[in-house]
Amino acid sequence: MPLFNTTNNKMTTFLCFLLFLLMTTLSESQPDRFLRPKTLSGGSNQEYFEVNYPPNSHEPTPSCSHRIIHHAFANTINSPPYTTTYAPPPRCPAPWSRVVLHFHVRCKGEQYDRIAAIWLAGAELLRTSTAEPSPAGIFWNVRKDVTKYSSLLAKPNQDLTMMLENIVNNEFTGVYHVTVTLLFYNEYAVRVPFVPCPEELNNFDPIQSRSRSRSRSRSLVQEPGSRGVNESPADLIIPISDDGRRGFWFKLEEEKGSCSKTIRIPRNTYRAVLELYVSFHGNDEFWYSNPPNSYIKANGLETERGNGAYREVYVTIDGQVVGWEIPFPVIFTGGINPLFWEPMVAIGAFDLPSYDIDLTPFLGKVLDGKEHVFGIGVVKGISYWLLNANLHLWLDHESTVVHANPVVHHSPETSIERQEEFKGLDGAFGVDAEKETQITGWVMTSAGNITTTVSQGFSFKNSMKFQHNGSIKTVKQKFKAKKKVKVIDGKGESITRLKVRRRYPLRVVTNTKLFQDGSYRLVTDLSHTLKEKHVSGCFVKSINNEQNSKGWIDVKGHSVVSGQASTSQNYSYFDRFTCYSRNVAATNGRIVADNSTFVCEL
Ligand SMILES: *[C@@H]1O[C@H](CO)[C@@H](O)[C@H](O)[C@H]1NC(C)=O
Ligand SMILES: *[C@@H]1O[C@H](CO)[C@@H](O)[C@H](O)[C@H]1NC(C)=O
Ligand SMILES: *[C@@H]1O[C@H](CO)[C@@H](O)[C@H](O)[C@H]1NC(C)=O
Ligand SMILES: *[C@@H]1O[C@H](CO)[C@@H](O)[C@H](O)[C@H]1NC(C)=O
């Protein structure tokens, strides 16, 4: 910076100092990733958790459990992932009514949060992030229903891979000790007798009904967390993922970066759902608070966290966009204020959501027996995103080739409007985006003509305000999405009707104060919500998950030296059979209230 050379002009020096201070203020008032304080340790061997349903204490006893990973992730940075061979346990043969992946971690010392994933034969089973340990040690358990991967879990001699890049040296001492166990259930113990709703008796997938009549008891057992009666696991899962040398996720480092895989689809596929796994890191870890590049440039800021506050993940087949998603803004345990996430972590931090994109209407493009290119990209994405997908395919076992064709295809580009107004470091920025699409296609199967219509839409709104020379930053984001999948048979009778609604508003207000020694204080107020409702026939599942956090931290470099925080979380889950709610509050790493109930509040 040439201005700094005019040292004999006191005024200029002062102004430069001021400018430097302001620039620092701004870059520091952006949400960031920190190391939790050593001194503010909870008790020894403290348990961390993500509030979820079913609660860990409520898992019934499995028919058998099978340990599949037991490994310590120490200085694993730049190393290939950990790989072992998987085979299903002989004493617990398929078919299973339910399979749960139990992920257990212990860690002690000082460590950043890390991203991790587990893949079976290249298909992802779990995307997770770690909690930051304390010198006294912490542990946590994640349980995830992985029944939908049954076709993979039933096959022997497959590579099971886990990636968790960690740094262990004199400063960062935390080694992540991971144990992964699969819990197999041959019959799920039902607490409430299953009562099929009238619709389910009359209307069902004609192809699935054949296998259902072979194992009647299975289909009549309602499992918690399952997405509906028609949702039996896919026959085949094809990974849309990288080669595995650095984990199976594609690492996207720029918007134009391409993540794609060429695959061949069995010609008797009658249903296809792409399950997308996504996480954002580096300069996009807090993409929802990135200002536009014009602002960064005009103020001569050094931050590379730009491109504005809108990201859209999209999926292509042979270059044509066939699906899209706005990811839920998961906050990792070192993010914004690490004290917020002790001992309950942010929504999704231990079990990152995956996103289902129904590609059945596009089967007409890919059932020709030829290779097709499946791609994943991020609109405005900057370094870096970790992306991959599992393509779930249901096969018509009574025929070798089914015919399919798209009928209607209404898929306009996303309409995006951006506003910006700023003067110096203060200003206001807005992004509004929306899209509505409707796609219909039919598949002629051995059980007749099945026509699938997928209608979806979303509206997204992000507004950001910088005040007091950029030291007060307010981010408000709203996201609403709806999706309908309607499947009819050749006579026009309804087979499946699925409706999904999601909302995830987020609000972050950060106030930064600089101290003379270069350290600074961040005072943050955050509220974060995930609401989801699935309706499939008369099966209803609804989740309302809300977190509010307040607190401050004093930061030197990236280390928190002191701070205070409190988080309260209200979670509720209900479906046709269960009501569950849990309200938890923690202050400075300790639970101060924790009430849960299985009573339905009407
Ligand atoms: C299947 O049904 C659709 C209407 O839903 C129709 O357009 C199509 O021609 C039918 N396909 C066959 C092979 O009959
Ligand atoms: C912002 O910075 C200017 C100098 O560039 C100063 O005059 C003003 O008081 C500052 N405003 C606030 C709210 O700190
Ligand atoms: C949870 O519910 C309590 C009592 O109804 C309320 O005081 C609190 O603000 C709620 N917290 C969140 C995160 O919604
Ligand atoms: C449940 O909440 C009440 C206040 O609403 C509180 O007094 C009580 O201690 C809580 N119970 C537990 C186990 O935290």
Side-chain angles (χ1 to χ4, degrees), residues 49-52 203 205-207 267-271 328-329 331 336-337 339-349 358 360-365 367-368 396 398-399 401-410 438-455 476 478 484-497 503-509 524-532 542-551 565-573 579-587 591-597 599-602:
F49 59 92
E50 180 181 340
V51 177
N52 223 328
N203 304 319
D205 183 330
I207 291 199
R267 301 193 67 188
N268 59 343
T269 303
Y270 74 92
R271 181 166 180 235
F328 174 74
I331 302 168
I336 300 180
N337 177 341
L339 304 181
F340 287 170
W341 319 122
E342 300 182 3
M344 66 257 206
V345 299
I347 301 168
D358 198 317
T360 311
F362 292 102
L363 280 176
K365 286 171 71 79
L367 292 185
D368 54 5
D396 182 352
E398 314 280 313
S399 60
V401 180
V402 304
H403 293 282
N405 246 320
V407 186
V408 192
H409 188 171
H410 174 69
Q438 184 170 347
I439 297 147
T440 303
W442 57 262
V443 184
M444 192 67 201
T445 69
S446 62
N449 188 353
I450 300 177
T451 301
T452 304
T453 300
V454 179
S455 325
K476 285 185 200 163
K478 282 186 183 163
K484 263 197 248 175
V485 180
K486 206 173 105 191
V487 185
I488 55 166
D489 67 14
K491 294 188 229 91
E493 307 246 337
S494 167
I495 296 172
T496 313
R497 269 196 324 250
R503 276 168 190 244
Y504 24 92
L506 171 70
R507 184 172 161 274
V508 192
V509 183
T524 311
D525 201 328
L526 178 140
S527 73
H528 198 194
T529 301
L530 175 64
K531 289 184 191 206
E532 254 181 341
S542 170
I543 293 169
N544 195 347
N545 197 355
E546 229 175 304
Q547 276 183 329
N548 288 341
S549 305
K550 257 185 202 329
S566 58
T567 293
S568 87
Q569 180 164 12
N570 294 344
Y571 177 95
S572 70
Y573 171 97
C579 293
Y580 170 71
S581 68
R582 182 173 181 186
N583 291 4
V584 205
T587 298
I591 302 283
V592 293
D594 188 355
N595 281 330
S596 56
T597 168
V599 174
C600 298
E601 287 165 24
L602 292 171

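Indexing begins at 1, ligand by ligand and atom by atom, following the structure's order. The first residue in the sequence is number 1, and the count goes up from there.
Shown in contact with Thr451 at under 4.0 Å from a heavy atom are these atoms of ligand 1, numbered in order with element: 2 (O), 3 (C), 4 (C), 5 (O). Within ligand 1, counting atoms from 1 as listed, the ones closer than 4.0 Å to a heavy atom of Met444 are 13 (C).
Val443 places none of its side-chain heavy atoms less than 4.5 Å from the side chain of Thr452. Under the 4.5 Å side-chain criterion, counting only non-hydrogen atoms from C-beta, Arg271 is in contact with Asp358.
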Ligand 3 polar-atom proximity to protein (N/O, under 3.5 Å):
unit_1	atom_1	unit_2	atom_2	d
ligand 3	2 (O)	Asn570	OD1	3.4
ligand 3	2 (O)	Asn570	ND2	2.3
ligand 3	11 (N)	Ser568	OG	3.1
ligand 3	11 (N)	Asn570	ND2	3.0
ligand 3	14 (O)	Glu546	OE2	3.4
ligand 3	14 (O)	Asn570	ND2	3.2

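Judged purely by distance below 3.5 Å, without hydrogens or angles, the side chains of Thr587 and Ser566 never pair a donor atom with an acceptor atom.
The number of heavy-atom neighbours closer than 6.0 Å to NZ of Lys550, taken from other residues, nucleotides and ligands shown, is 12 or below.
Remark: Arg267 pairs with no residue by the salt bridge (Lys or Arg N to Asp or Glu O under 4.0 Å) rule, at least two apart or across chains.
Side chain of Glu50 to main chain of Gly348: a donor-acceptor pair is present (N/O by atom type, distance under 3.5 Å, no hydrogens or angles).
With His528 as the fixed residue, the ring pair (Phe, Tyr, Trp, His ring centres under 6.0 Å) test singles out one of Phe340, Tyr504, Phe328: Phe328.
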